Amino acid sequence: MEYKIEKKSAPGREEVEVLGATFEEGKPEGEEMGRWRQKLASREEKLKYLQTGERYWYGKDWYGSEKRKNPA
């Protein structure tokens, strides 16, 4: 894949090189797209998938706005 580099002006500097779009053109095909439950075999894999996506609520090492790393 060839990456497109664009030159843009930055505040307080001259032009800088910025990486352009890195996605592939097109749309997903097939009925199976977006059906994550069928792609994961076991219950443990499904739970791990959900906990990774919801790490704000399940994570022990990640601090959201309601959790403080150092108590006040």
Side-chain angles (χ1 to χ4, degrees):
M1 175 183 243
E2 187 175 320
Y3 297 112
K4 188 176 181 182
I5 297 178
E6 303 171 0
K7 291 193 175 197
K8 295 193 175 195
S9 60
R13 297 185 260 175
E14 295 180 14
E15 287 189 342
V16 294
E17 292 182 350
V18 178
L19 184 62
T22 58
F23 63 91
E24 294 181 12
E25 297 277 336
K27 292 186 176 184
E29 295 178 2
E31 292 182 19
E32 298 299 317
M33 294 303 298
R35 294 187 181 178
W36 60 270
R37 289 182 182 173
Q38 288 78 13
K39 294 178 184 177
L40 303 174
S42 67
R43 183 175 190 271
E44 289 78 27
E45 287 179 355
K46 291 177 184 177
L47 286 174
K48 185 176 180 188
Y49 175 83
L50 291 172
Q51 287 176 351
T52 302
E54 299 287 337
R55 67 181 182 273
Y56 179 83
W57 304 109
Y58 294 102
K60 303 280 187 267
D61 59 341
W62 190 80
Y63 302 96
S65 60
E66 281 84 16
K67 297 179 183 177
R68 292 184 61 137
K69 189 172 185 177
N70 298 321

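A quick note: this is a predicted structure, and the numbers were derived from the prediction, not measured.
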From [X] atom [atom1] to [Y] atom [atom2], the distance as rounded to the nearest 0.5 Å:
{"X": "E6", "Y": "E17", "atom1": "CD", "atom2": "CD", "answer": "11.0 Å"}
{"X": "R13", "Y": "K8", "atom1": "CZ", "atom2": "NZ", "answer": "13.5 Å"}
{"X": "T22", "Y": "K4", "atom1": "OG1", "atom2": "NZ", "answer": "12.5 Å"}

On a heavy-atom basis, the closest approach of L40 and K46 is O-CE, 3.6 Å
Decide if atom CD of Q38 counts as having more than 12 heavy atoms of other residues, nucleotides or ligands within a radius under 6.0 Å.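 Counting other residues, nucleotides and ligands, CD of Q38 exceeds 12 neighbours.
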Short question: side chain of E54, backbone of L50 - any donor-acceptor pair under 3.5 Å? no
